[in-house]
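Remarks on the structure that follows.
These numbers were taken from a predicted model, which means no experiment stands behind them.
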Amino acid sequence: MFKKPIWKHVAFGLIWAVCLSGLFVLMSFIGIKKASMLCKEVKIYIPGNQYFVDRQEINSILHVGGKNTLVGKNLDQINIHQLEKTLQANPFIEFAKVYTDMDGVINVEVRQRQPILRVINRFGQDFYIDQYGLKIPLSANFTAPVLVATGNIDEIFINRVDTLHTALGKALFKTADFISRDSLWDAQIEQITVAQNQEIELTPRVGNQRILLGTADSLDNKFKNLLIFYQKAIPKVGWGAYKVINIKYANQVVAIKSDSLLKVEAASPKKILQDTNHIIQDTIQNIH
């Protein structure tokens, strides 16, 4: 009565042996074919619309064309892993994958770093911060249309991909990351300035106000307050009415027009906006 299970296991074993033998033969065939196959072409894929590195530069890195061209070489003589390492050594390349196919084509897939902030520090150094908070150099090929940070910034750059080392640098990245993820603020905020006291100020595209952000804490709440101020107060007096909008505080927006102090308590349902010429009564409902 035990014979059937034993034969069942033997049958499974034979099937696996046949499959493995077939796989071994197939791999041997592929290896033989690869050893005799020449590289016919190098295809390069660079997704996205920002080109810190273009196809011409990738071709140059991989020696496509010229004296040491890959085209015409035996595929088994081409070190694919070394090509990947060479590409990833480029500061603008986040990820690179190189592989061959059975038609003699070397495929190159490159993913570039995506900057979200350009920084000009107080020492005159100029660099980008990418979406992961890494510092990268500027490119001679392409200028990224991103937010710019200037002023009393002490984060230094040593001309290679590097992490952020200062609290201010991390705060700038946190602020730029928040802005870049919101289509409204990404369109409205064009510059970050760091004051002497290390506090962050924002420059909008629409309006000529200084927006005092302070620190990078509670960004969601601060920008929510600013949005309600834009929606409720600005339509009453226009974009040019205020020279300073202070959103540093958790539950209020303080706006300055000429020598007046216009204050809106964000937690209150009704407040008065005052200046020296007139009084505007407005209702601000439930900011949170």
Side-chain angles (χ1 to χ4, degrees), residues 46-54 57 87-96 110-223 226 244-248:
I46 309 176
N49 55 6
Q50 294 192 131
Y51 296 103
F52 286 111
V53 288
D54 55 19
E57 186 169 355
L87 288 170
Q88 290 180 163
N90 186 291
F92 303 112
I93 295 176
E94 177 192 334
F95 170 81
V110 169
R111 185 168 67 235
Q112 301 178 80
R113 298 189 185 279
Q114 300 296 316
I116 62 171
L117 181 67
R118 181 172 178 174
V119 176
I120 303 173
N121 66 18
R122 66 187 181 92
F123 309 108
Q125 294 178 313
D126 200 346
F127 56 91
Y128 290 117
I129 298 177
D130 76 358
Q131 77 271 37
Y132 300 114
L134 295 174
K135 294 177 287 188
I136 60 175
L138 302 187
S139 168
N141 297 332
F142 178 76
T143 300
V146 296
L147 200 60
V148 177
T150 61
N152 192 34
I153 301 170
D154 54 3
E155 182 75 41
I156 62 172
F157 183 57
I158 55 177
N159 205 33
R160 64 174 175 82
V161 177
D162 194 15
T163 57
L164 294 164
H165 298 291
T166 65
L168 177 61
K170 294 172 184 177
L172 291 174
F173 165 67
K174 184 178 178 182
T175 303
D177 184 57
F178 181 91
I179 292 171
S180 69
R181 292 175 185 274
D182 187 294
S183 58
L184 170 64
W185 300 123
D186 190 41
Q188 169 65 347
I189 306 300
E190 69 174 349
Q191 184 169 337
I192 297 174
T193 304
V194 178
Q196 287 297 320
N197 61 1
Q198 298 275 287
E199 290 194 344
I200 298 171
E201 300 179 6
L202 308 175
T203 302
R205 286 189 172 89
V206 179
N208 56 2
Q209 309 89 14
R210 292 165 54 219
I211 301 172
L212 307 185
L213 183 69
T215 68
D217 296 331
S218 305
L219 290 176
D220 188 66
N221 189 55
K222 289 177 180 179
F223 278 94
L226 179 60
V244 176
I245 301 175
N246 188 338
I247 57 173
K248 292 193 295 184

Salt bridge flag under 4.0 Å for residues D126 and R118: yes
Side-chain (Q191) to main-chain (V148) donor-acceptor, under 3.5 angstrom: no
Short side-chain to backbone donor-acceptor contact, K174 and A216, under 3.5 Å: yes
Residues E94 and R113 bridged, charged N to O under 4.0 Å: no
Point-to-point distance, once rounded to the nearest 0.5 Å, from CG of L147 to CG of L172: 9.5 Å
N197 versus E199, closest heavy-atom pair with distance: OD1-N, 3.0 Å
Given D154, N121, I156, I153, the one that forms side-chain contact (heavy atoms from CB on, under 4.5 Å) with T166: D154
From CA spacing to verdict: ring pair (Phe, Tyr, Trp, His ring centres under 6.0 Å), Y128, F52: CA-CA 12 Å; Y128 290 117; F52 286 111; 5.7 Å; yes
Reported CD1-to-CD1 distance for the pair I192 and I200, which is rounded to 0.5 angstrom: 6.5 Å
Q131 and D177 side chains, donor-acceptor separation under 3.5 Å: no
Between CD1 on residue I136 and CZ on residue F127, distance to nearest 0.5 Å: 11.0 Å
Polar side-chain atom of K135 near backbone of N159 as donor-acceptor pair, under 3.5 Å: no
Expected output: side-chain R111 to main-chain A96 donor-acceptor under 3.5 Å: no
Distance-minimising heavy-atom pair for F173 and I129: CD1-CG2, 3.8 Å
Any donor-acceptor N/O pair, Q198 side chain to N152 backbone, under 3.5 Å: yes
Test item: Q188 side-chain N/O and V206 main-chain N/O as donor-acceptor pair under 3.5 Å: yes
Under-4.0 Å salt bridge between K170 and E155: no
Nearest-0.5 Å distance that lies between atom CD in E57 and atom CG in L87: 10.0 Å
Sidechain-backbone polar pair: S218 side chain, N221 backbone, donor-acceptor under 3.5 Å: no
Minimum heavy-atom distance between A176 and L117, given as atom pair plus value: CB-CB, 3.9 Å
F142 side, atom CZ; F92 side, atom CZ - distance, nearest 0.5 Å: 11.0 Å
Pairwise distance NZ(K222) to CG(D217) - rounded to 0.5 angstrom: 6.0 Å
Contact check, side chains of I46 and Q112, non-hydrogen atoms, under 4.5 Å: yes
Whether E201 side chain and I211 backbone form a donor-acceptor pair below 3.5 Å: no
L164 atom CG, over 12 foreign heavy atoms within 6.0 Å: yes
